[in-house]
Amino acid sequence: MVRVRFAPSPTGNLHIGGARTALFNWLYAKSQGGKFILRIEDTDTLRSKKEYLEEILFSLKWLGLDWDEIYYQSERFNIYKEYAEKLLSQGKAYKADKLTAETGEEQVSAPGEAHPKGEGQAIILKVLPGKVQIEDMIRGGIEFDTSVIKDQVLIKSDGSPTYNFACVVDDSLMNLTHIIRGDDHISNTPKQILLYRALGLAIPKFAHLPLILAKEGGRLSKRKGATAISEYRDMGYLAKSLVNFLMLLGWSPGENREILDINEAVKLFDIHHINKTAAILDMDKLSWLNNQYLKNEDPQKLVDALVPELAARNWIAKDNFDRNYLLSLVKLLQARLTVLSDFFERADFFFLDDFPVDPKAVEKFLSRDLSREFLLFSERLEKLEKFEVPEIEETFRQLVAELAIEAKALIHPIRVALTGKTVGPGLFELICCLGKIRTKKRLAKWIKKES
Ligand code: GLU
């Protein structure tokens with residue numbers, strides 16, 4: 001049975017790259033009827049933080065990437081020790097007092113960190129020159145020359161295992177069949193294969209996912225898209241558009257399809273069809289996808305998602321608001337939102353009498369005196385018995401015909417008077433949602449009283 005894992009270190013939040021690795025492992029497991037295992041690589045007790053762990057678990061769940069089993073490496077130090085001692089007793093590893101630069105291991109104690117007396121000795125694997133070959137499921141055959149690989153620290157002098165050693169012991173003990181991870185780990189793979197060989201363990205299959213590059217070029221960085229999944233959530237991106245976005249980072253379902261949900265992806269997923277070339281992180285694409293999903297989302301769900309923030313802003317009362325009214329606003333605006341949080345900016349005038357007004361819009365559309373036109377429109381709206389979109393539109397059309405002016409000469413000024421903005425939903429729809437009383441009140445502000 002296929003068993004794959006995602007192995008995050010809780011030394012930071014879950015970012016795009018990690019989430020993509022998790023998703024591809026999950027997709028592979030589901031598409032093969034296998035198991036998806038989560039392994040928390042928390043061997044670095046100083047840098048591992050509970051809040052990062054919680055954020056990672058929360059984000060995975062939010063994305064819908066549920067796991068079948070979970071393990072914590074910090075609970076398994078004895079096991080690593082045991083395996084290292086086995087290698088010692090077989091003469092494949094040796095002990096050393098001090099970690100030297102020659103060991104070439106990234107995760108040795110940081111320079112400057114004292115090496116307290118009484119600490120144990122490090123256990124180090126002897127690396128023999130030779131060749132290592134793998135048949136990567138994505139990249140094809142890769143050959144490594146081990147003469148460039150230095151002796152490998154297995155257990156550091158503080159008793160903690162190195163990443164490569166704990167990873168191999170666990171990948172083997174957890175019966176993982178396929179190791180799917182980012183291309184940035186490719187240089188670890190030959191080191192790990194040497195460890196499998198030394199321990200006499202079966203070697204799993206490897207698949208290295210293409211790098212994700214920033215659109216501006218270069219690796220992702222804090223400035224260039226390396227944003228935590230939870231931040232995307234806070235910005236208003238939907239889990240399903242992020243999942244859709246992530247799956248397109250290196251994979252394509254074919255037939256130029258771009259929009260597909262996670263269940264369809266399970267059916268179509270083929271690890272051999274993952275690209276070898278780097279994927280480009282295109283935020284415009286995420287925004288486009290999110291808009292597509294928002295457009296088609298059940299408006300009731302969007303109402304639920306908006307209520308807490310609306311209440312926090314005091315735009316509605318938490319336990320006493322007009323749900324149907326919110327629903328009509330969501331229906332009016334959902335097709336225009338990039339992220340859900342755009343709603344607050346687009347819809348402020350529905351909640352606030354003292355809404356923000358764009359001064360440029362006023363200058364452009366309301367500097368001319370429109371008292372007469374506004375007054376006539378206001379009076380005719382007042383008379384409407386049925387305050388619905390067709391009636392409002394009809395009233396407006398008749399008025400501009402009578403006044404012999406172009407519709408747009410009045411549409412833009414009215415919109416600015418009612419919303420403070422130059423863009424927004426259709427004018428008649430928005431007047432209908434705003435209601436007769438508020439519409440009249442806002443128009444009145446721009447009607448000069450001559451008498
Ligand atoms: N903890 C490692 C990381 O977060 C896991 C690498 C691997 O998948 O082997 O990069």
Side-chain angles (χ1 to χ4, degrees), residues 2-29 34-49 52-57 59-60 65 67 69-77 80 105-108 132 134 136-139 142 144 152-154 156 160-196 199 201 203-212 219-221 226 228-229 246 249-250 271 274:
V2 163
R3 287 174 61 86
V4 292
R5 59 24 172 216
F6 175 52
S9 307
T11 53
N13 290 323
L14 182 67
H15 283 186
I16 288 281
R20 197 253 331 234
T21 301
L23 173 64
F24 281 26
N25 274 285
W26 189 94
L27 284 174
Y28 189 63
K35 294 267 187 261
F36 174 64
I37 284 112
L38 188 58
R39 185 172 72 225
I40 305 303
E41 303 212 324
D42 52 356
T43 57
D44 185 336
T45 44
L46 282 177
R47 287 173 57 233
S48 298
K49 295 263 177 327
Y52 291 136
L53 172 65
E54 280 164 6
E55 194 272 351
I56 292 168
L57 299 183
S59 292
L60 288 172
L65 306 178
W67 49 90
E69 297 163 27
I70 184 169
Y71 301 94
Y72 293 85
Q73 287 192 324
S74 57
E75 295 169 359
R76 301 168 59 84
F77 278 24
Y80 311 129
E105 172 58 48
E106 292 153 1
Q107 299 190 7
V108 295
V132 165
I134 63 162
D136 188 279
M137 292 171 82
I138 297 167
R139 300 178 34 142
I142 315 176
F144 303 92
Q152 294 293 300
V153 176
L154 307 176
K156 295 186 244 178
S160 66
T162 57
Y163 153 69
N164 276 318
F165 187 56
C167 181
V168 166
V169 170
D170 282 347
D171 284 345
S172 175
L173 288 180
M174 294 169 191
N175 292 316
L176 296 162
T177 54
H178 299 75
I179 306 304
I180 305 169
R181 61 184 169 203
D183 230 359
D184 48 329
H185 281 288
I186 195 107
S187 63
N188 286 319
T189 303
K191 297 174 188 168
Q192 296 186 1
I193 288 176
L194 291 176
L195 287 166
Y196 282 106
L199 291 164
L201 298 171
I203 300 175
K205 289 201 167 66
F206 288 93
H208 289 92
L209 303 172
L211 279 180
I212 303 172
R219 296 255 184 142
L220 298 187
S221 63
I229 295 298
L246 292 169
L249 289 173
I271 200 165
I274 292 174

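Values below: all heavy atoms of this structure, side chains included; hydrogens, waters and symmetry mates excluded. Start at 1 with the first residue, then count along the sequence. No experiment lies behind these values; they were computed from the predicted model shown. We count ligands from 1, going down the list as the structure has it; atoms in each ligand are counted the same way.
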Participant: C167 to ligand 1: N or O pair under 3.5 Å?
Facilitator: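 C167 vs ligand 1: no N/O contact under 3.5 Å.
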Participant: Applying side chain to side chain donor-acceptor pair (under 3.5 Å) to R47 and S9, what does each step give before you reach the verdict?
Facilitator: CA-CA 9 Å; R47 287 173 57 233; S9 307; over 6 Å; no
Participant: Which residue and atom name correspond to the protein heavy atom nearest atom 5 (C) of ligand 1, and how close is it?
Facilitator: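 Answer for atom 5 (C) of ligand 1: A7 O, 3.1 Å.
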Participant: For D42 and Q73, which I'm curious about, is there any donor-acceptor pair between the side chains at under 3.5 Å?
Facilitator: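 No, because no side-chain N or O of D42 sits under 3.5 Å from a partner of the opposite role on Q73.
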Participant: Considering residues, nucleotides and ligands other than Y52, do more than 12 of their heavy atoms fall under 6.0 Å from its OH?
Facilitator: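 Counting other residues, nucleotides and ligands, OH of Y52 stays at 12 neighbours or fewer.
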Participant: Identify, by atom number and element, the atoms of ligand 1 in contact range of R5, meaning under 4.0 Å from any of its heavy atoms.
Facilitator: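 Within the 4.0 Å cut-off of R5, ligand 1 contributes 7 (C), 8 (O), 9 (O).
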Participant: Considering only protein heavy atoms, which is closest to atom 10 (O) of ligand 1, and at what distance to one decimal place?
Facilitator: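 Protein heavy atom with the smallest distance to atom 10 (O) of ligand 1: H185 NE2, 2.8 Å.
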Participant: What atoms in ligand 1 come closer than 4.0 Å to a heavy atom of E41?
Facilitator: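 So the atoms of ligand 1 that pass are 1 (N), 2 (C), 5 (C).
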Participant: If you draw the axis of the six-membered ring of F24, does the NZ or CZ of R20 fall within 45° of it and under 6.0 Å from the ring centre?
Facilitator: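 Judged by the rule, R20 and F24 form a cation-pi pair.
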Participant: Relative to each other, are the rings of H185 and Y163 parallel, tilted or perpendicular (30° and 60° limits)?
Facilitator: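 Tilted.
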Participant: Compare every heavy atom of Q152 with every heavy atom of N164, then report the nearest pair and how far apart it is.
Facilitator: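 Here N164 and Q152 meet closest at ND2-OE1, 4.0 Å.
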Participant: Between Y163 and ligand 1, find which residue part has any heavy-atom pair under 4.0 Å and reply side chain, backbone, both or neither.
Facilitator: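 Looking at Y163 and ligand 1, just side chain atoms fall under 4.0 Å.
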Participant: Which atoms of ligand 1 have any heavy atom of R181 under 4.0 Å away?
Facilitator: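 Those qualifying, in numeric order: 7 (C), 8 (O), 9 (O).
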